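What follows is a short report on a single structure.
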Amino acid sequence: MAGSLCSIHAYFQIVDEARATTVMNTYVESTKAEKGCLWYAWDRAGNKLFCNEAYEDAQAVLTHMKNLEKLGDFNGAAKLTQIEFHGQSVELEKLRTTATAVNARLFTEDQGASFMHPVSGAEACTPSTLCTVHAYYDLMDENKAEPVLADLAAKTKTERGCLYYGWTKAGDTLFCREGYLDSAAVLAHLSNVQSFDGLSNCATLRRLELHGPAAEIAKLRQVAQEMKAECFERVSGFQRLELDSAVKASAVGGVVLDPAVLRDFCSIHAYYKVSNEEAAKGLIKSFEARTKAEKGCLWYAWDRAEEKFFCNEAYVNAEAVLAHVQHLEGVGSFDGAAKLTEIEFHGPAAELEKVMGTAKKLGASLFALESDVNFRLVDFCSEGKPADLCTIHAYYKVTDESGVNDALAELVKLSRAEESCIYYGWTRAGSKLFCREGYTSADAILAHLENVSACCDLTKFAKAYRIEFHAPKAEIAKLQGTADKMGAFCFSRESGFQHFRAKTSAPSRPLPLRSSGDGMEHLKKQFLRVAVVLKYMGLAGHMLEIFLALLGKLAKRRLTTFPRMNLLASLMIVLGLLAERPARLARLQ
């Protein structure tokens with residue numbers, strides 16, 4: 001859903017309020033029947049109306065536009081003054097004809113600086129409570145802006161009240177597309193990024209708007225006035241999202257493997273098309289020799305399918321990935337011998353945030369850990385051994401969110417019993433799922449396929465669109481028949497090494513998303529949670545102080561009749577200030 005999310009921003013000028021209200025209500029009720037609509041609401045500021053709407057993809061937008069054609073337009077009750085389509089370029093291309101017809105401006109998403117926390121699509125529609133911030137900037141220096149936007153996205157991703165966040169661009173206009181659970185989450189975000197001043201060096205704020213239900217906007221009026229933002233209050237609307245899931249969304253920790261390593265296991269998937277085989281092989285040999293000396297590399301191998309080469313590599317954490325990329329810069333690129341056609345980084349979300357800038361430069365997709373992980377205990381070989389790891393690369397497109405997590409959990413559980421499964425887990429990028437799995441041999445892969453064959457629940461919610469087997473040539477020969485039946489591509493091992501060997505009698509064990517550690521670590525986390533609560537208590541204290549001051553102004557005198565209330569407000573503010581730093585640390589846990 002996140003990857004293909006499309007939003008429409010349509011502004012209208014009210015001409016006939018009564019008739020416009022009737023039309024809006026008709027639109028809302030009609031749009032509720034569209035399964036591809038995530039949220040649809042009407043917001044108002046004075047005589048301006050704004051249609052706050054988002055859809056799963058371009059096809060859902062086209063379906064919506066076609067439905068509105070049947071209902072007719074405002075017919076003079078309101079006049080369209082501005083309209084924009086926001087989304088990824090591949091989705092916007094499908095909307096180009098429609099955009100031209102309605103004179104809409106297209107804003108393309110910067111994928112390296114965007115994310116959407118996991119949400120569940122609800123069958124029933126609920127009243128629209130989403131709060132959105134609409135910030136337009138004049139772009140001065142695009143090269144300077146790119147890393148700044150990625151850093152802002154990484155900083156915002158730690159916020160549990162943020163539903164989605166991203167940057168879109170049309171010409172020299174930048175737009176921040178962001179949504180929050182409520183006004184408290186908006187305020188928390190503003191507090192989180194207030195010390196970040198990098199954007200001012202490459203862009204100038206042109207226009208700022210805050211949108212939400214009247215009760216939430218009331219809590220944002222003060223900050224809106226300070227920031228010179230225009231407030232749009234919700235008139236009507238619905239959402240088809242379980243927003244509570246965003247509260248649970250947080251930076252995911254890595255996996256823990258006994259005393260040895262693999263707390264934050266990250267892998268890189270890089271595909272190349274070879275144009276000069278002899279030159280490419282010479283460079284691969286050089287890459288491999290340099291990488292073998294890296295302490296943080298778990299395995300590094302080159303697999304081949306005809307003219308396609310694949311670099312099969314994994315590292316203990318994000319720092320090891322960055323060290324590897326920097327290390328290879330000393331060797332140089334393929335320099336025309338081969339062309340990079342696709343690259344992905346897979347790992348825990350907290351680790352991926354550290355490589356976001358590098359991923360942006362390389363044009364890499366980020367696949368974040370989506371499930372628990374099984375990892376069989378291994379012995380590490382500092383000298384390295386020939387790479388005999390056999391891996392399956394299975395990609396799925398999610399078609400129904402409702403049962404995906406349960407299906408993944410069941411597959412992880414089934415794979416846990418397999419003695420020859422080295423690791424097994426799922427990563428995700430938008431609506432794309434990837435099964436990250438490795439085995440000791442071809443026989444182990446065949447045993448795994450047999451083990452999970454009875455569990456077909458995932459196919460009810462996701463559709464496989466690409467499967468690959470990667471292994472030494474002798475192992476690929478044993479898998480070729482199965483690959484042909486499954487429509488899978490086979491990549492044979494050309495060269496490589498691994499810094500581990502499987503223990504002879506060690507079972508695969510469940511590895512939760514980072515263990516809590518010892519008692520002191522547990523107490524530390526509890527303290528940080530309390531700090532977060534006190535931080536919000538400080539915000540509440542400020543609001544109480546403002547409320548009392550307003551009452552005093554209305555009474556044309558300072559309120560001294562409620563000394564306890566004034567004292568309480570001051571105490572809440574002090575507690576909030578004391579908790580500021582620990583709370584900031586807690587958001588990064």
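Since the structure is predicted, the reported quantities are computational estimates derived from the model, not experimental observations.
Checked against side chain to side chain donor-acceptor pair (under 3.5 Å), Gln59 has no partners two or more places apart in sequence or in another chain. For Phe367, the ring pair (Phe, Tyr, Trp, His ring centres under 6.0 Å) partners are His346, not counting sequence neighbours. Listed by chain and number, the residues in a side chain to side chain donor-acceptor pair (under 3.5 Å) with Ser128 are Arg234 (sequence neighbours excluded). Applying the side chain to side chain donor-acceptor pair (under 3.5 Å) rule to Asn67 yields the partners Glu34; only residues at least two apart in sequence or on another chain are considered. Every side chain to side chain donor-acceptor pair (under 3.5 Å) that Glu226 has, sequence neighbours left out, goes to Gln222. Applying the side chain to side chain contact (heavy atoms under 4.5 Å, CB included) rule to Leu68 yields the partners Tyr27, His64, Leu71; only residues at least two apart in sequence or on another chain are considered. Scored by the ring pair (Phe, Tyr, Trp, His ring centres under 6.0 Å) test, Tyr271 finds Phe310 as partners (sequence neighbours excluded). Residues satisfying the salt bridge (Lys or Arg N to Asp or Glu O under 4.0 Å) test with Asp457, not counting sequence neighbours, are Lys460. Every residue meeting the side chain to side chain contact (heavy atoms under 4.5 Å, CB included) condition with Asn405, not counting sequence neighbours, appears here in chain and number order: Glu370. The salt bridge (Lys or Arg N to Asp or Glu O under 4.0 Å) test applied to Lys361 returns no partner, not counting sequence neighbours.
Ring orientation note: the planes of Trp42 and Phe12 are tilted relative to one another, at an angle of 30° to 60°. In this pair, His393 and Phe434 present their aromatic rings perpendicular. The plane angle is above 60°, beyond the 30 to 60° band.
Tyr55 places none of its side-chain heavy atoms less than 4.5 Å from the side chain of Thr63. When side chains are defined from C-beta on, Thr129 counts as touching Gln239, because their heavy atoms get closer than 4.5 Å. Residues Met227 and Leu190 meet the side-chain proximity criterion, which asks for heavy atoms closer than 4.5 Å. Residues Tyr165 and Glu159 form no side-chain contact, since every pair of their non-hydrogen atoms from C-beta on lies 4.5 Å or further apart. A 4.5 Å side-chain heavy-atom check between Leu414 and Tyr424 finds every atom pair outside the cut-off. Put simply, the side chain of Lys94 does not reach to within 4.5 Å of the side chain of Asp57, judged on heavy atoms. Side-chain contact between Phe345 and Thr427 is absent, with no heavy atoms from C-beta onward closer than 4.5 Å. By the 4.5 Å heavy-atom criterion applied to side chains, Asn25 and Ser236 are counted as neighbours.
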**Asked** Run the side-chain contact (heavy atoms from CB on, under 4.5 Å) check on Leu62 and Leu95 step by step: do they pass?
**Response** CA-CA 7 Å; Leu62 294 174; Leu95 299 173; 3.6 Å; yes
**Request:** List the steps, then state whether side-chain contact (heavy atoms from CB on, under 4.5 Å) holds for Leu106 with Thr168.
**Result:** CA-CA 9 Å; Leu106 300 178; Thr168 59; over 6 Å; no
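Of the possible donor and acceptor atoms, none in the side chain of Ser365 sits under 3.5 Å from a partner among the backbone N and O of Glu344. Side chain of Thr399 to backbone of Phe461: a donor-acceptor contact under 3.5 angstrom is found. Panel note: side chain Ser30, backbone Thr26; no donor-acceptor pair is recorded below 3.5 Å. Remark: the backbone N or O of Lys155 is paired with a side-chain donor or acceptor of Asn192 at under 3.5 angstrom. When atom types are taken as modelled, the side chain of Glu91 and the backbone of Leu5 share no donor-acceptor pair closer than 3.5 angstrom. At distances below 3.5 Å, not a single donor-acceptor pair connects side-chain atoms of Arg207 with backbone N or O atoms of Glu230. Formation of a donor-acceptor pair under 3.5 Å by the Arg240 side chain with backbone atoms of Lys32 is found in this model.
For the pair Glu69 and Lys66, the salt-bridge criterion is not met [side-chain N within less than 4.0 Å of a carboxylate O].
The heavy-atom pair separating Cys202 from Lys144 by the smallest distance is CB-CB, 3.8 Å. When all heavy atoms of Leu408 and Leu433 are compared, the pair lying nearest together is CD1-CD2, 4.1 Å. Taking every heavy atom of both residues into account, Ala359 and Leu366 meet most closely at CB-CD2, 3.6 Å. In terms of heavy atoms, Cys37 sits closest to Tyr40 at SG-CB, 3.8 Å. Smallest separation of non-hydrogen atoms from Arg19 and Gly76: NH2-C, 4.1 Å. Closest non-hydrogen pair, Leu80 versus Tyr11, comes out as CD1-O, 3.3 Å.
Proximity of the aromatic rings of His134 and Phe50 is defined here by a centroid distance below 6.0 angstrom, and this criterion is met.
Once rounded to the nearest 0.5 Å, the distance linking CD of Glu84 with OG1 of Thr173 reads 8.5 Å. Note that the CE atom of Met140 and the CG atom of Asn201 stand 7.5 Å from one another [nearest 0.5 Å]. We find the CG-CD distance between Leu458 and Glu410 to be 11.5 Å, quoted to the nearest 0.5 Å. Distance check: Phe175 CZ to Trp167 CH2 gives 9.5 Å after rounding to the nearest 0.5 Å. Expressed to the nearest 0.5 Å, how far CD1 of Ile8 lies from NE2 of His86 amounts to 10.0 Å. Atom CG of Leu362 sits about 5.0 Å away from atom CD1 of Ile343, to the nearest 0.5 Å.
Exactly one residue among Glu17, Arg44, Gln13 makes a side-chain contact (heavy atoms from CB on, under 4.5 Å) with Leu49. That residue is Arg44.
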Please tabulate, one pair per line, all N/O donor-acceptor pairs under 3.5 Å involving side-chain atoms of residues 210-221, not counting sequence neighbours.
| unit_1 | atom_1 | unit_2 | atom_2 | d |
| --- | --- | --- | --- | --- |
| His211 | ND1 | Asp43 | OD2 | 2.9 |
| His211 | NE2 | Glu209 | OE1 | 2.8 |
| Glu216 | OE1 | Ser183 | N | 2.9 |
| Glu216 | OE1 | Ser183 | OG | 2.6 |
| Arg221 | NH2 | Glu233 | OE2 | 2.8 |

Identify all side-chain donor-acceptor contacts of residues 97-105 below 3.5 Å with residues at least two apart in sequence or on another chain.
| unit_1 | atom_1 | unit_2 | atom_2 | d |
| --- | --- | --- | --- | --- |
| Thr100 | OG1 | Arg96 | O | 2.9 |
| Arg105 | NH2 | Ala170 | O | 3.1 |

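The number of heavy-atom neighbours closer than 6.0 Å to CZ of Phe489, taken from other residues, nucleotides and ligands shown, is 12 or below.
With no hydrogens or angles considered, no side-chain donor-acceptor pair links Thr108 and Lys169 at under 3.5 Å.
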